[in-house]
Amino acid sequence: MAEKITPRNVDYSRWYTDVVLQAKLADYSPVKGAMVIRPNGYAIWEMIQQNLDRMFKETGHVNAYFPLLIPESFMRKEAEHVEGFSPECAIVTIGGGQELEERLYIRPTSETIIWSMYKKWIMSYRDLPILINQWANVMRWELRTRLFLRTSEFLWQEGHTAHAAYQEAEEEALKILKIYKTFAEEYLAIPVIAGKKSEAEKFAGALHTYSIEAMMQDRKALQAGTSHNLGQNFAKAFDVKFQDKDGKLQYVWATSWGVSTRLVGALIMTHADDNGLVLPPKIAQRQIVIVPIWRGEEEKKQVLAYANEVKETLGKEFTVILDDRDQYKPGYKFAEWELQGIPVRLEIGPKDVAKNGMVMVRRDLMKKEFIPKNGVLETVRGTLERMQKEMLENARKFQQEYTHIVDDYKEFKKTIEEEGGFVKSHWCANPECEAKIKDDTKATIRNIPFDREEEKGKCIICGSESEGRVIFAKAY
RNA sequence: CGGGGCGUAGCGCAGUCUGGUUAGCGCACCUGCCUUGGGAGCAGGGGGUCGGAGGUUCAAAUCCUCUCGCCCCGACCA
């Protein structure tokens with residue numbers, strides 16, 4: 001291989017970087033901590049946007065846009081919030097060549113500026129709920145950065161809703177988490193565990209935080225989406241009250257929720273292999289590549305005419321690339337499209353033309369299979385559907401294989417240290433026990449799964465009563 | 001901020017210790033021929049303020065001084 005990807009078992013993090021760079025998903029920018037998202041990478045983000053945006057709108061949400069710059073005084077209004085975010089904020093101090101009277105934060109998230117506006121817009125219960133989402137960039141200054149996973153500037157969507165009652169906000173936060181889970185599994189083919197964050201891990205300024213957690217191929221956890229019930233914290237900070245049906249003034253109830261370009265990193269670390277990216281069909285903007293093979297002009301003409309017919313047939317339903325470049329040999333093209341993760345490759349040479357068929361290769365399996373030209377659209381459609389399904393199943397098997405049930409702390413440490421993955425253990429809900437585990441092992445509580453079994457037990461640290469198991473793992 | 005390393009073609013590097021024609025190699029790129037079922041071959045070609053500034057010297061990528069930038073390792077985070 002001329003273009004090398006470091007194999008996963010040699011150096012997982014170099015493998016990741018190699019895949020991102022070689023598949024042309026992103027590149028390093030002149031500004032440290034920032035990245036350029038290249039067309040191949042942005043195409044993935046667009047697919048994420050399109051599908052999530054549709055799902056948000058189907059549940060009554062609308063899009064809007066709030067400013068990038070936030071007055072410092074706004075950030076300071078919610079104590080926990082400013083404390084949580086201040087260390088990672090970039091601040092504008094000069095504008096128009098002059099020192100600003102009030103410094104402006106480049107948004108690390110938009111709760112404060114949005115709630116300053118909600119104050120203007122909300123008077124009565126009739127104004128509620130407000131279900132606004134925005135697609136935007138945010139900035140959180142980072143020292144140790146990794147493409148897609150942790151960059152100072154990243155793209156995301158942030159939903160900010162306002163409600164008349166606690167219960168409504170709670171339902172909203174859970175509804176969104178459900179959407180995230182559905183999207184992650186059905187589109188990205190990433191199995192996730194939905195649950196509630198512990199107090200220590202929740203969002204700065206939230207009442208409850210919920211998350212979906214995925215397991216990467218190195219068995220580390222990655223938070224793939226979060227949703228917060230913010231209670232009345234921001235309403236109180238920004239003095240946002242509404243008059244209820246009884247004529248009484250109440251503070252508004254809030255949620256916020258988001259997923260980011262980090263999902264692209266999750267997609268890579270869930271499915272890609274030593275040959276490069278593997279895209280689930282539903283996320284691939286281009287699902288099929290045809291590589292024609294020929295010797296001499298005569299064959300070239302024949303093969304290309306045939307390949308074009310196939311392209312046209314498949315083009316009714318899918319986006320097809322016909323790679324007829326003359327300067328590269330087929331082997332080179334195979335490798336290149338594999339690198340970019342195109343789900344299905346069709347190889348068409350003189351032998352296939354003679355047999356009225358072609359060779360089909362599924363990117364995740366890499367097995368060659370001869371298929372007839374008759375019914376190629378149905379064959380490929382079926383293959384793509386199976387591929388989508390099996391990618392999720394395989395990832396789920398992997399996740400289950402590395403999910404351990406552990407009741408003894410010695411074994412816990414050993415498992416986290418040697419095996420990695422998710423460890424399900426009892427925990428008494430005391431933050432001190434949680435902190436001790438983090439100090440000892442670097443593992444954190446990923447979440448308290450919604451679907452956990454009711455099972456009385458004893459905290460793995462202190463032995464106190466526990467209502468059920470929580471998920472521990474080392475995380476990105 | 002503390003410890004280790006590195007700046008030479010788009011990328012990866014050699015050359016620096018021991019100063020000396022025109023600064024070299026691999027990949028990539030361009031042209032042509034030839035090839036095409038798993039990353040071909042041959043020939044020719046383009047591309048460099050040797051990170052920057054100052055100094056020593058007949059002569060500096062090489063020696064000296066200063067400076068800038070980057071990467072790796074230790075406290076927080078979608």
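What you see is a predicted model, and the numbers here were worked out from it, not measured in a lab. Just so we're on the same page: letters track the sequence lines, and every chain starts at 1.
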Donor + acceptor pair across side chains of [X], [Y] (<3.5 Å):
X	Y	value
N133(A)	Q157(A)	yes
S110(A)	E158(A)	yes
Q340(A)	N40(A)	yes
E172(A)	T255(A)	no
N137(A)	E153(A)	yes
Y332(A)	D323(A)	no
T226(A)	T209(A)	no

Which whole number of Å gives the distance between the [atom1] atom of [N] and that of [M]?
N	M	atom1	answer
A61(B)	G7(B)	C1'	12 Å
G45(B)	C64(B)	C1'	41 Å
C29(B)	C11(B)	C1'	12 Å
U16(B)	G41(B)	P	31 Å
G51(B)	U62(B)	C1'	16 Å
C63(B)	G39(B)	P	44 Å
C34(B)	G52(B)	P	45 Å
G46(B)	G10(B)	C1'	13 Å

Quick one, which residues of [range] touch RNA chain B with a heavy atom under 4.0 Å?
range	answer
residues 254-270 of chain A	S260(A), R262(A)
residues 342-360 of chain A	R345(A), E347(A), G349(A), P350(A), K351(A), D352(A), V359(A)
residues 55-75 of chain A	none

| note | Result for 5'-nearest mapping on RNA chain B, choosing between K202(A) and T145(A), is T145(A)
| query | Between R295(A) and A200(A), which is nearer to the 5' end of RNA chain B once each is assigned its nearest nucleotide? | reply | R295(A)
Rounding to an integer number of Å, can you tell me how far [X] [atom1] sits from [N] [atom2]?
X	N	atom1	atom2	result
M35(A)	A78(B)	CE	P	16 Å
K24(A)	C11(B)	NZ	P	15 Å
L339(A)	G38(B)	CG	P	18 Å
I293(A)	U36(B)	CD1	P	11 Å
E297(A)	C33(B)	CD	P	12 Å
R14(A)	C72(B)	CZ	C1'	13 Å
R446(A)	C77(B)	CZ	P	11 Å
Q302(A)	G37(B)	CD	C1'	16 Å

| query | Can you tell me how far the OG1 atom of T145(A) sits from the CZ atom of R150(A), to the nearest 0.5 Å? | reply | 9.0 Å
Which part of the nucleic acid, if any, lies within reach of [X] when heavy atoms closer than 4.0 Å are counted: base, sugar-phosphate only, or nothing?
X	answer
E299(A)	nothing
T151(A)	base
F85(A)	nothing
K368(A)	base
Q327(A)	nothing
W294(A)	base

| task | Begin with the C-alpha distance, continue with both residues' side-chain angles, and end with the deciding distance and a verdict on salt bridge (Lys or Arg N to Asp or Glu O under 4.0 Å) for K301(A) and E297(A). | result | CA-CA 6 Å; K301(A) 217 183 276 177; E297(A) 280 305 307; over 6 Å; no
Using a cutoff of under 3.5 Å, can you pull out all pairs of nitrogen or oxygen atoms linking the protein to nucleotides 5-8 of chain B, with atom names and distances?
none

| remark: Quick note, A335(A) side chain, CB onward, closest among G37(B), C77(B), G38(B) is G38(B)
| field | Among G38(B), C77(B), G37(B), the nucleotide that comes nearest once only the side chain of E338(A) is considered | value | G38(B)
| Are any of the side-chain nitrogens in E171(A) or K178(A) under 4.0 Å away from the carboxylate oxygens of its partner? | no
| Pairing of E299(A) and R295(A) as salt bridge, 4.0 angstrom limit | yes
| query | When the ring planes of Y210(A) and H208(A) are compared, do they come out parallel, tilted or perpendicular, using 30° and 60° as the limits? | reply | tilted
| said: Angle between ring planes, W135(A) versus W45(A), binned at 30° and 60°: parallel, tilted or perpendicular? | reply: perpendicular
| Watson-Crick/G-U partner (both atom distances under 3.5 Å) of C1(B) | G74(B)
Please tabulate, for the side chains in residues 79-91 of chain A, all donor-acceptor contacts under 3.5 angstrom to protein atoms that are two or more places apart in sequence or on a different chain.
residue	atom	partner	partner atom	Å
H81(A)	ND1	A204(A)	O	3.2
S86(A)	OG	V82(A)	O	3.1

| said: Just N and O in the side chain of K329(A): are any of them under 4.0 Å from OP1 or OP2 of G37(B)? | reply: yes
| Does the cation-pi check pass for K282(A) over Y187(A), that is, NZ or CZ under 6.0 Å from the six-membered ring centre and within 45° of its axis? | yes
| task | Can you sort out the partners of V353(A) under side-chain contact (heavy atoms from CB on, under 4.5 Å), two or more places apart, ordered by chain and number? | result | V303(A), Y306(A), I348(A)
| query | Is there ring stacking between Y328(A) and G39(B), where the centres must be under 5.5 angstrom apart and the planes under 30 degrees? | reply | no
